[in-house]
There are 2 protein chains.
Amino acid sequence: MGLTIKEVSEKYGIPSETLRYYERVGVIPPVTRTAGGIRDYGEEDIAWVENAKCMRAAGLPIEALIEYLKLYREGDSTFQARFALLSEQRELLLAQKKQLEETLDRLNYKISRYALAMETGKLTWE
Amino acid sequence: MGLTIKEVSEKYGIPSETLRYYERVGVIPPVTRTAGGIRDYGEEDIAWVENAKCMRAAGLPIEALIEYLKLYREGDSTFQARFALLSEQRELLLAQKKQLEETLDRLNYKISRYALAMETGKLTWE
DNA sequence: CCTTGACTTTGAGTTAACTCAAAGATATAT
DNA sequence: ATATATCTTTGAGTTAACTCAAAGTCAAGG
């Protein structure tokens, strides 16, 4: 009654191969199966997929996701380790964001100069 | 009177191999040389290195930098093309920034839940 | 029943951006 | 003069994260 792999693939724009790959290497837990052994993505499964998609889109390495899932499956004794893992990744993202902003500033400056240059026909300094 | 490749490498934390690679593929223009043919990075050369470092740190593809330099060396007739190129890259960075913020939100939420869980000993919902 | 899609395993291929190595020739600093 | 750094070219190796293909089996919908 859940979604097939194809449906999940289309809904989230993730190739079926990648979904299987994520499951195989442990980015997401084993997906619920039908009696016949076919993947039948339930709400939980989909939440994991969604999460993986979000984290990957921001550039978290697959290794971090794999490690997180591993800890998750080990139970409550890994709260601290999971907390540390997520905190570390947050630091990395914050650094990345800062870098992005720096680069955007530089890009904006250049772009504004080109806008001007295109009016006057020449770059006014540099 | 400028800097040697080693000095630039150390100053910017970019391996010498990468500096030569950037020059070879056209991420930066040919570097000034001594009479003996050894690279002698002047202010301009260094400005290009700095720029490449910044852009790469934000994830701009090398291809974009190569294309930019190619246009740059073609002269004033490419203002518009350069403007377009930079604008496109800016759009990509803005999208990336948005994604980063989304992911940070999700990460912060999770982290706060773990902080709570570590006090109380269990995850309070999910 | 038949077609279409899903399943598995295995292994190779791809892309970006380096990164390293080898070889032999010069150059520079002490 | 000598030790250390640079130079060139060429080509192979690396890493991450997929991506594709082959081969053969199985399941589900009409």
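These values consider heavy atoms only, across backbone and side chains, with no hydrogens, waters or symmetry-generated copies. Below, read A as the first sequence line, B as the second, and so on, with proteins coming before strands; counting in each chain starts at 1.
Whole-Å rounding puts the Arg39(B) CZ to dT6(D) P distance at 10 Å. As a whole-Å value, the separation of Glu17(A) CD from dG11(C) P is 19 Å. Summarising the geometry, the separation between CZ on Arg20(B) and P on dT6(D) is reported as 7 Å, rounded to the nearest angstrom. Taking atom CZ on Arg33(B) and atom P on dT26(C), their separation rounds to 16 Å, with Å as the unit. With rounding to whole Å, Leu19(B) atom CG is found 13 Å from dC20(C) atom P. At whole-Å resolution of the value, NZ in Lys6(B) and C1' in dC7(D) are 15 Å apart. The CG atom of Leu65(A) sits 12 Å away from the C1' atom of dA17(D) (whole-angstrom rounding). Rounded to whole angstrom, the span from the CD1 atom of Ile5(B) across to the C1' atom of dT8(D) amounts to 12 Å.
Considering only side-chain atoms of Thr4(B), the nucleotide from dT8(C), dT6(D), dT19(D) that sits closest is dT6(D).
Of the inter-residue distances, the one linking Leu107(B) atom CG with Glu101(B) atom CD reads 13.5 Å to the nearest 0.5 angstrom. To the nearest 0.5 Å, the span separating OH on Tyr12(B) from CD on Glu50(B) amounts to 3.5 Å. Distance check: Arg24(A) CZ to Thr18(A) OG1 gives 10.0 Å after rounding to the nearest 0.5 Å. Taken from CG in Leu69(B) to CD in Glu74(B), the straight-line distance is 10.0 Å, to the nearest 0.5 Å. To the nearest 0.5 Å, the span separating CD1 on Ile46(A) from CG on Asn51(A) amounts to 13.5 Å. The OH atom of Tyr22(A) lies 5.0 Å from the CD1 atom of Ile62(A); values are rounded to the nearest 0.5 Å.
Looking at residues 42-63 of chain A, you'll see that no heavy atom sits under 4.0 Å from any atom of DNA chain C. A heavy-atom distance below 4.0 Å to DNA chain D is reached by these residues of residues 21-31 of chain A, ordered by number: Tyr21(A), Tyr22(A).
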Got a list of side-chain donor-acceptor pairs under 3.5 Å for residues 89-100 of chain B, not counting sequence neighbours?
{"from": "Arg90(B)", "atom 1": "NH1", "to": "Asn108(A)", "atom 2": "OD1", "distance (Å)": "2.6"}
{"from": "Gln99(B)", "atom 1": "NE2", "to": "Thr103(B)", "atom 2": "OG1", "distance (Å)": "3.1"}

Give every donor-acceptor pair under 3.5 Å between a side-chain atom in residues 35-44 of chain A and any protein atom, sequence neighbours left out.
{"from": "Arg39(A)", "atom 1": "NE", "to": "Glu23(A)", "atom 2": "OE1", "distance (Å)": "2.6"}
{"from": "Asp40(A)", "atom 1": "OD1", "to": "Gly2(A)", "atom 2": "N", "distance (Å)": "2.9"}
{"from": "Asp40(A)", "atom 1": "OD2", "to": "Met1(A)", "atom 2": "N", "distance (Å)": "3.4"}

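Contact record, Ala81(B) with Leu71(B): CB-CD1, 3.8 Å, taken as the closest heavy-atom pair.
The phosphate of dA17(D) (OP1 or OP2) has no side-chain N or O of Thr18(A) nearer than 4.0 angstrom.
Counting only heavy atoms from C-beta outward, the side chains of Val8(B) and Val49(B) approach each other to under 4.5 Å.
A tilted orientation is assigned to the rings of Trp48(B) and Tyr68(B), their planes being inclined by 30° to 60°.
Each end of the helix from dC1(C)-dG30(D) to dT30(C)-dA1(D) gets its own axis, taken as the rotation carrying the C1' atoms of four end pairs onto the next four within a five-pair window, and the two axes meet at 30° to the nearest 10 degrees.
The backbone N or O of Thr4(A) lies less than 3.5 Å from a partner atom in the side chain of Glu7(A), making a donor-acceptor pair. Remark: the backbone N or O of Leu60(A) is paired with a side-chain donor or acceptor of Arg56(A) at under 3.5 angstrom. A donor-acceptor pair is defined here as one N or O able to donate and one able to accept, closer than 3.5 Å; such a pair exists between the side chain of Ser87(A) and the backbone of Phe83(A).
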(message) Generate the contact string for nucleotides 21-30 of chain D. Rules: B means base contact, S means sugar-phosphate contact only, - means no protein heavy atom under 4.0 Å.
(response) ------SS--
